[in-house]
Amino acid sequence: MAQEGSEPELKKPVIVLAFISIGLVYSTMLIGVFLSSGSLTKKGIACTEWPLCPNGFGAPEDHYLMEYVHRVVAAVTAAVVYATAVAVPLWARRAKKAAVIAAAIVSAQVILGLLTVLTTLHPLVVATHLSTGITLFAFGLLAFWWAGIWKRH
Ligand code: HEM
């Protein structure tokens, strides 16, 4: 196994993927906080079904548009976080560990999203959903950082 400091650099597409991961997590969080501000939904939950809203794959109705967008962006985010965990090679030990932890956290976050809906915004579930989102961002950032971007400069 390669020694710390003597590792070959990760390929650029892996670093870009790790960056897209944190960009998507950030965007999902932004939409989530926008949702919880209740600016569109007047607080409360408009789409009480799972996993899709009543429109299925069709055009969403206005009153649950942002909830629908949050779910779609979250699904894409989870896919990219998983892809990052797979793409980071084993020899990049710290980056791999952080990316795999991020993948585990995103799975928990999707389940918490489901519970957020099923419990119609139980405060404890919403609070856990928010803090898990922040933890997910932290591990995504670590994976990106440890992917070796700083060594380039
Ligand atoms: C990558 C995955 C996800 C991330 C990072 C994420 C992040 C967030 C964040 C940061 C909030 C704001 C919480 C607050 O301000 O208290 C939020 C709200 C919310 N999320 Fe997610 N979320 C994800 C997936 C999901 C999924 C799959 C669902 C399932 C429907 C979901 C349902 C909700 C709902 C309903 C709210 C609004 C809560 C409220 O009105 O207070 N989330 N999300």
Side-chain angles (χ1 to χ4, degrees), residues 10-90 92-150:
L10 281 174
K11 293 213 162 61
K12 201 173 171 191
V14 177
I15 295 166
V16 170
L17 193 63
F19 184 73
I20 294 173
S21 264
I22 50 173
L24 281 168
V25 170
Y26 189 84
S27 309
T28 316
M29 292 175 71
L30 211 60
I31 301 166
V33 174
F34 183 80
L35 256 187
S36 77
S37 76
S39 50
L40 279 187
T41 55
K42 314 256 183 315
K43 282 276 175 199
I45 202 150
C47 167
T48 50
E49 295 182 19
W50 172 271
L52 299 169
C53 293
N55 63 302
F57 289 105
E61 289 173 25
D62 282 355
H63 63 288
Y64 56 69
L65 175 71
M66 288 315 283
E67 289 181 35
Y68 183 81
V69 172
H70 184 63
R71 291 185 191 195
V72 173
V73 177
V76 175
T77 302
V80 175
V81 170
Y82 294 140
T84 307
V86 172
V88 175
L90 274 175
R93 274 179 297 166
R94 285 191 300 186
K96 182 76 177 179
K97 214 180 274 178
V100 168
I101 292 173
I105 296 173
V106 85
S107 307
Q109 182 69 334
V110 170
I111 293 166
L112 282 166
L114 164 68
L115 293 178
T116 307
V117 175
L118 292 187
T119 62
T120 11
L121 307 179
H122 187 286
L124 199 60
V125 178
V126 175
T128 312
H129 191 61
L130 174 61
S131 42
T132 306
I134 294 167
T135 313
L136 170 61
F137 184 80
F139 276 93
L141 194 61
L142 279 178
F144 171 63
W145 181 254
W146 282 333
I149 195 81
W150 76 94

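Each ligand, and each atom within it, is numbered from 1 in the order the structure gives.
Listed by number with element, the atoms of ligand 1 under 4.0 Å from a non-hydrogen atom of V126 are 16 (O), 41 (O). Close approach of ligand 1 to R71 (heavy-atom distance below 4.0 Å) involves ligand atoms 30 (C). For ligand 1 and I45, the ligand atoms under 4.0 Å from any heavy atom of the residue are 35 (C). Within the listing of ligand 1, atoms 5 (C), 10 (C) sit less than 4.0 angstrom from a heavy atom of M29. Interface of V117 with ligand 1, defined as ligand atoms under 4.0 Å from a residue heavy atom, comprises 30 (C). Here is the list of ligand 1 atoms found below 4.0 Å of a heavy atom in T116: 34 (C), 35 (C). Ligand-side atoms of ligand 1 in range of A74: 2 (C), 24 (C), range being under 4.0 angstrom from any heavy atom.
Between the OG1 atom of T135 and the CD1 atom of I101 there is a distance of 11.5 Å, given to the nearest 0.5 Å. Here the straight-line distance linking atom CG of N55 with atom OH of Y64 works out to 4.0 Å at 0.5 Å rounding. Interatomic distance, Y68 OH to D62 CG, rounded to the nearest 0.5 Å: 13.5 Å. Rounded to the nearest 0.5 angstrom, K97 NZ and F139 CZ are separated by 10.5 Å. Summarising the geometry, atom CG belonging to L17 is positioned 11.5 Å from atom CG belonging to L10; distances are rounded to the nearest 0.5 Å.
Assignment of H70 to the shell around ligand 1 is supported, since a heavy atom sits closer than 4.0 Å.
Within 6.0 Å of OH in Y82 there are more than 12 heavy atoms belonging to other residues, nucleotides or ligands. The number of heavy-atom neighbours closer than 6.0 Å to OH of Y26, taken from other residues, nucleotides and ligands shown, is 12 or below.
Of the candidates Q109, H129, M66, the one placing a heavy atom closest to atom 21 (Fe) of ligand 1 is H129.
The N/O atoms of T28, backbone and side chain alike, include none that comes under 3.5 Å of an N/O atom in ligand 1. The shortest N/O to N/O separation between T77 and ligand 1 does not fall below 3.5 Å.
In L121, the part holding a heavy atom less than 4.0 Å from any atom of ligand 1 is the side chain. Residue contacts with ligand 1 for E67 are absent, since no atom lies close enough (heavy atoms, distance under 4.0 Å). If you look at W50 next to ligand 1, the close heavy atoms, those under 4.0 Å, all belong to the side chain.
The closest side-chain heavy-atom distance from R71 to V117 is below 4.5 Å. Side-chain contact between R94 and L142 is absent, with no heavy atoms from C-beta onward closer than 4.5 Å.
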